[in-house]
**Q** 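The structure under discussion is supplied below as structure tokens; questions concerning it will follow.
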2 protein chains.
Amino acid sequence: MASEILVLEDFLPYRLNRLADAISRDFSKIYRDRYGLNRPEWRTLATLGQYGTMTATEIGAHSAMHKTKVSRAVVALAKRGWLKREADPSDRRVEHLTLTRNGISAYRALVPLASAYGEKLLAALAPEDQAKLSEGLRALEQALSGKCNRLVSRSARDTASAAATNGAKAQAK
Amino acid sequence: MASEILVLEDFLPYRLNRLADAISRDFSKIYRDRYGLNRPEWRTLATLGQYGTMTATEIGAHSAMHKTKVSRAVVALAKRGWLKREADPSDRRVEHLTLTRNGISAYRALVPLASAYGEKLLAALAPEDQAKLSEGLRALEQALSGKCNRLVSRSARDTASAAATNGAKAQAK
DNA sequence: GTTTGATAGTTACATTCCCAACCGTTACAA
DNA sequence: TTGTAACGGTTGGGAATGTAACTATCAAAC
């Protein structure tokens, strides 16, 4: 019998959405209350904090945000003085985005809160469930990276190691 | 060394959100192109299709939607003639929502598409990864159902079996 | 050179969303 | 009874979002 009823509790898009919504909404309090950031702004900050310097397109590809969201987030963060935009000398369409000192210090203040949140979340699961979740998600990420409009940009990934050197970490001194 | 950098690829809220966003956006084409439904409307339809009769509050609790979203989705679906609203005789604040014949036939048309989508998604994973993902998500759902404003409403769950009898399935005849 | 097409990023507009205030109803207690 | 607090559901205003168009630039072909 091809079921005529869709069991939402077993339906992957539904389950992922419910979880992501609930967690994201809960977690957003941290950066919203603290700094008045919205989600695209936080994501942009977090991406630049991790990778150092990126273009808007790379940020969008990496975090699966639409370019208009990134664009507005960049404007907002620049207005705060948290990131600086530098023109690419060889391609004037491109802007290289980097966190300023203020941006980095905000990032550094948020990282432990975010880490703690993530760990608290995982700590509520049995160790074997943590592993299952992580590996299951990784498999799904991998499956989607091929099919859909690939979720992880190649270029962003390539610059990761270099960025880690130039990014927030380096300025920790 | 307490890391000063947050590795987004390992950060649960980030991973869940990226996946959920991408999948949800992709899947939404199915009910959007076909019927011009938006996400709250589809969710309401799917919830009523599965459970038969519910109140707006129950739908919201079950699918983690804000009550204003549910309210507007109900108005929209009622306007299409896809659901009927019946006053509760003993409590005039409450409305019992049920899909009409048209609503059920739309639901029945969408269920196989949704099921196929979910299965296609899972089919891209190795069987053991499917199991890990499902169990990992279940563990997370369970963990959150206790802490947060529990994601699954008790009352909705209790009526599940009864609803399956009265709901879309029964009218399949 | 200039045309064509792709790309980086911004802007405009219409829709959707969240939050808070609100209405009507119910429960319950003084 | 009369407050008063809680609840189901709706509405309104401001913010966020997505789509599509747009500007500016680049690259490649002719």
**Q** Quick one: A/R39 CZ to D/dA15 P, roughly how many Å, whole number?
**A** 19 Å

**Q** How long is the line joining CG of B/D21 and P of C/dT16, in whole Å?
**A** 17 Å

**Q** Between A/D88 (CG) and D/dA24 (C1'), how many Å, whole number?
**A** 15 Å

**Q** If the cut-off is 4.0 Å, is A/R85 near the phosphate of C/dT10, judged by side-chain N/O to OP1 or OP2?
**A** yes

**Q** Does A/N102 reach the side chain of A/R80, with side-chain heavy atoms less than 4.5 Å apart?
**A** no

**Q** Starting at CG of A/L77 and ending at P of C/dG9, how long is that distance when rounded to a whole Å?
**A** 15 Å

**Q** Near DNA chain D, which residues from residues 65-74 of chain A have a heavy atom under 4.0 Å away?
**A** A/H66, A/T68, A/K69, A/R72

**Q** What pairs with B/E128 under side chain to side chain contact (heavy atoms under 4.5 Å, CB included), at least two apart in sequence or on another chain?
**A** B/A126

**Q** Which class fits the ring pair B/F11 and A/F27: parallel under 30°, tilted 30 to 60°, perpendicular over 60°?
**A** perpendicular

**Q** Once you round it to whole Å, what is the distance between P of C/dG9 and CG of A/D91?
**A** 9 Å

**Q** Which listed nucleotide (D/dG9, C/dC18, C/dA6) is nearest to the side chain of A/R93?
**A** C/dA6

**Q** Looking at every strand, decide which applies to A/R32 at a 4.0 Å heavy-atom threshold: base, sugar-phosphate, or nothing.
**A** nothing

**Q** What closest approach, in Å, do A/L125 and B/A143 show between heavy atoms, and which atom pair accounts for it?
**A** CD2-CB, 3.6 Å

**Q** Cut-off 3.5 Å, side chains only: do B/E58 and B/H96 have a donor facing an acceptor?
**A** no

**Q** If we only count heavy atoms from C-beta on, is the B/K132 to B/D129 side-chain gap below 4.5 Å?
**A** yes

**Q** Can you measure B/R25 atom CZ to C/dT16 atom P for me and round it to whole angstrom units?
**A** 14 Å

**Q** Rounded to whole Å, how long is the line connecting atom CG of B/L37 with atom P of C/dT16?
**A** 11 Å

**Q** In whole angstroms, how far is the P atom of C/dA8 from the CE atom of A/M54?
**A** 13 Å

**Q** When the nearest nucleotide of DNA chain C is assigned to A/H96 and to B/P40 on a heavy-atom basis, which residue is associated with the more 5' position?
**A** A/H96

**Q** Report yes if at least one side-chain N or O of A/R92 is closer than 4.0 Å to OP1 or OP2 of D/dC26; otherwise report no.
**A** yes

**Q** So, using side chain to side chain donor-acceptor pair (under 3.5 Å) as the criterion, who are the partners of B/H66 when residues are at least two apart?
**A** none

